Amino acid sequence: MLDPKLLRTNLEDVAHQLARRGYRLDTQTLSTIEERRKRVQVIAQQFQQDRNVKSKAIGIAKSKGEDTAKLMQEVADTGAALKQAEGELEQIQNELVEIVLGIPNIPHASVPDGKDENDNIEIRRWGEPRKFNFTPKDHVDLGAALGMMDFDTAAKITGARFVVMNGPLARLHRALIQFMLDLHTQEHGYTETYVPYLVNADSLRGTGQLPKFEQDLFRIPRTKFEMEPGAADSAMQGEVYQRGSFKAKEENWYLIPTAEVPVTNILRDVIVEANNMPRKYVCHTPCFRSEAGSYGKDTRGMIRQHQFEKVELVQVVRPQDSYQALEELTGHAEMVLQKLELPYRVVALCCGDMGFSAAKTYDIEVWLPGQNKYREISSCSNFEDFQARRMQARWRNPQTAKPELVHTLNGSALAVGRTLVAIMENYQDDKHGIRVPGALRSYLGGMEAIKLSQ
């Protein structure tokens, strides 16, 4: 979330910067709420001061043996008025927080202006798309011809946007995960991390998926049983728990849309000492997305699925290091494609195409011969302190000895399914076979190609 101080002191400037990403900030509502907050805060402070003065007067009166009944009643009345004012102030602040949670991050000055993906800026390319002496097939036809990729059976088991893989193709998919984890831990200095695939609402609020994007998530309602007050004391005295000792409470867990959520939340409500910075995590997880806003888009094949695998990079750094870290993290994701010898390009997303929490994003797009175009395979973003403020993730600045907000970054390195698609389409032959990239052969027992006979 944005710094509330910015909204109080530089509201019009914030509105101007957010307009670059097509977001209209309701400055009138925010100004009205801020005026209410100031007014009620002044009233609360006056009541507090009045109560303090009268409380001291009671002490003085008692020392002189005077009657204090009237003063005590006045203190009680002032205390009741103070409590009411504090309650109103809390309500106003909660109202303000709800609004602020729905405001996106401010784009960095270097982010290009624009409305959508057509305004993104290409930064660089690597590799040349292969020239085929036959018409290349897409991964769906290749997988079907090999008998190793089955969307119809997945639809029978669950529904649309799922896949069943088997044989060497499933093994290649698994090998990609191991290859990526080894590369990032052994050459790029990341710590491999295993996390839950279910998270609570606080975690999703921390990284920015809630409250605004709940429709994109798979929600798992659950009943939590909490012990009634006093039940624990009874148990310590040897009494048996009764059904009435527990109170049912409904709550929601969510399947993770990306490992970014649980990994970044490792540092929620944590202060990291300076000598433990930066923090660099790599994590493989399945990811689950409802794709609520993608109806009719990429319905063919593995490009956009409800369940898919990713290897995610997360960095938590000092604010002054975050843009250098973004370039480094993006380079780490690119290295996967370079070692697999897959042509790609890097684009800087324009303001209108960036995600809600990002201050700056690079997309890496891999060449897919079956579609004859570049398609996104990774997004690498710097969120600055936007997520950290929600999570209260901080580091201790040795110069001030005080906790300060960290900057968080993440990027896919890479989306495993899309990497598999890219290998299938770029390494295919005219007999529906698929050559195995050299970097992966040791993970496949020396296998050089996936062929129909397998």
Side-chain angles (χ1 to χ4, degrees), residues 1-34 95-123 204-217 257-258 260-261 289-298 304 322-323 326 330 345-365 373-376 378-390 407-412:
M1 61 190 290
L2 296 182
D3 187 348
K5 293 179 182 177
L6 277 178
L7 296 173
R8 288 198 292 266
T9 60
N10 293 289
L11 184 59
E12 293 302 326
D13 181 57
V14 171
H16 175 73
Q17 293 184 69
L18 290 173
R20 294 182 60 211
R21 62 188 303 159
Y23 183 86
R24 181 184 175 276
L25 185 64
D26 189 348
T27 56
Q28 182 60 49
T29 296
L30 283 169
S31 296
T32 300
I33 293 175
E34 177 60 16
E95 184 180 343
L96 182 60
V97 167
E98 285 301 309
I99 293 174
V100 175
L101 284 174
I103 300 174
N105 203 355
I106 294 173
H108 188 262
S110 64
V111 175
D113 289 326
K115 295 181 179 179
D116 54 37
E117 62 183 12
N118 296 313
D119 297 317
N120 295 339
I121 304 297
E122 184 175 313
I123 304 298
L204 287 157
R205 272 190 290 270
T207 44
Q209 284 80 11
L210 287 180
K212 194 173 179 65
F213 303 104
E214 185 168 13
Q215 73 277 8
D216 295 329
L217 304 169
T258 164
E260 165 199 348
V261 178
R289 298 182 186 176
S290 72
E291 299 293 352
S294 303
Y295 180 77
K297 186 176 181 181
D298 290 321
R304 194 178 299 274
S322 66
Y323 279 94
L326 177 61
T330 304
R345 67 176 185 172
V346 178
V347 298
L349 298 196
C350 70
C351 291
D353 198 33
M354 280 201 307
F356 176 82
S357 300
K360 184 172 184 176
T361 298
Y362 293 119
D363 268 9
I364 303 173
E365 300 177 348
K373 64 168 63 173
Y374 288 97
R375 294 300 306 265
E376 177 201 335
S378 172
S379 280
C380 301
S381 299
N382 184 357
F383 304 100
E384 297 185 355
D385 61 10
F386 189 84
Q387 293 178 329
R389 183 169 288 104
R390 289 170 171 244
H407 279 195
T408 60
L409 307 92
N410 70 59
S412 303

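Since the structure is predicted, the reported quantities are computational estimates derived from the model, not experimental observations. This chain uses plain numbering: 1 for the first residue, then up along the sequence. What you see below is based on every heavy atom in this structure, not just the backbone, and it leaves out hydrogens, waters and symmetry mates.
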Given side chains that start at C-beta, do those of S290 and Q215 come closer than 4.5 Å, heavy atoms only? no
Charged N-O contact under 4.0 Å between R389 and D385: yes
If you look at every heavy atom in P107 and M354, which pair is closest and at what distance? CB-CE, 3.7 Å
How far does CG of L204 sit from CD of Q209, to the nearest 0.5 angstrom? 5.5 Å
If we only count heavy atoms from C-beta on, is the D216 to E214 side-chain gap below 4.5 Å? no
G411 to S378 - nearest heavy-atom pair and separation: C-OG, 4.4 Å
If every non-hydrogen atom of C380 is compared with every non-hydrogen atom of I364, which pair is closest and at what distance? SG-CD1, 4.4 Å
Start with the C-alpha gap between E12 and Q17, add the side-chain angles, then the distance that decides, and say whether side-chain contact (heavy atoms from CB on, under 4.5 Å) holds. CA-CA 9 Å; E12 293 302 326; Q17 293 184 69; over 6 Å; no
Any heavy-atom pair between the side chains of L11 and E34 that's under 4.5 Å? no
Beyond-backbone contact of M1 with I103, side-chain heavy atoms, under 4.5 angstrom: no
Between CG on residue L6 and CG on residue D13, distance to nearest 0.5 Å: 8.0 Å
Counting N and O atoms only, with roles assigned by atom type, does the side chain of R345 sit under 3.5 Å from a partner on the main chain of E365, one being a donor and the other an acceptor? no
Sequence-distant partners of E98, side-chain contact (heavy atoms from CB on, under 4.5 Å), two or more places apart: L101
L349 versus V111, closest heavy-atom pair with distance: O-CG1, 3.3 Å
Ignoring hydrogens and geometry, is there a side-chain-to-backbone donor-acceptor pair from R289 to P257 under 3.5 Å? yes
Trace of the side-chain contact (heavy atoms from CB on, under 4.5 Å) decision for V347 with I123: CA-CA 5 Å; V347 298; I123 304 298; 5.7 Å; no
About how many Å separate CZ of F386 and CD1 of I106, when rounded to the nearest 0.5 Å? 9.5 Å
Matching residue for P112 among D353, I121, N120 - test: side-chain contact (heavy atoms from CB on, under 4.5 Å): I121
Testing the basics here: between C351 and D113, what is the closest heavy-atom pair and its distance to 0.1 Å? SG-OD1, 4.0 Å
What pairs with E95 under salt bridge (Lys or Arg N to Asp or Glu O under 4.0 Å), at least two apart in sequence or on another chain? R36
Counting only heavy atoms not in E117, do more than 12 sit closer than 6.0 Å to its CD atom? no
Is K115 close to C350 at the side-chain level, that is, under 4.5 Å between some pair of heavy atoms? no
Which heavy atom of R21 sits nearest a heavy atom of A358, and at what distance? NH1-O, 3.3 Å
Report yes if the side chains of F383 and H407 come closer than 4.5 Å at any heavy-atom pair, otherwise no. no
Aromatic plane relationship, H108 with Y323 - under 30° parallel, 30 to 60° tilted, over 60° perpendicular: tilted
Within the 4.5 Å heavy-atom criterion, are F356 and N105 side-chain neighbours or not? no
Which value, rounded to the nearest 0.5 Å, describes the distance between T361 atom OG1 and L326 atom CG? 8.0 Å
Quick one: does L210's side chain get under 4.5 Å of L217's, heavy atoms only? yes
Residues in side-chain hydrogen bond (donor to acceptor under 3.5 Å, both in side chains) contact with T408, at least two apart in sequence or another chain: Q387
Take N10 and K5 through the test side-chain contact (heavy atoms from CB on, under 4.5 Å) and record every step on the way to the result. CA-CA 8 Å; N10 293 289; K5 293 179 182 177; over 6 Å; no
Can you tell me if D363 and S379 form a side-chain donor-acceptor pair at under 3.5 Å? yes
Side-chain donor-acceptor pair under 3.5 Å between K360 and S381, yes or no? no
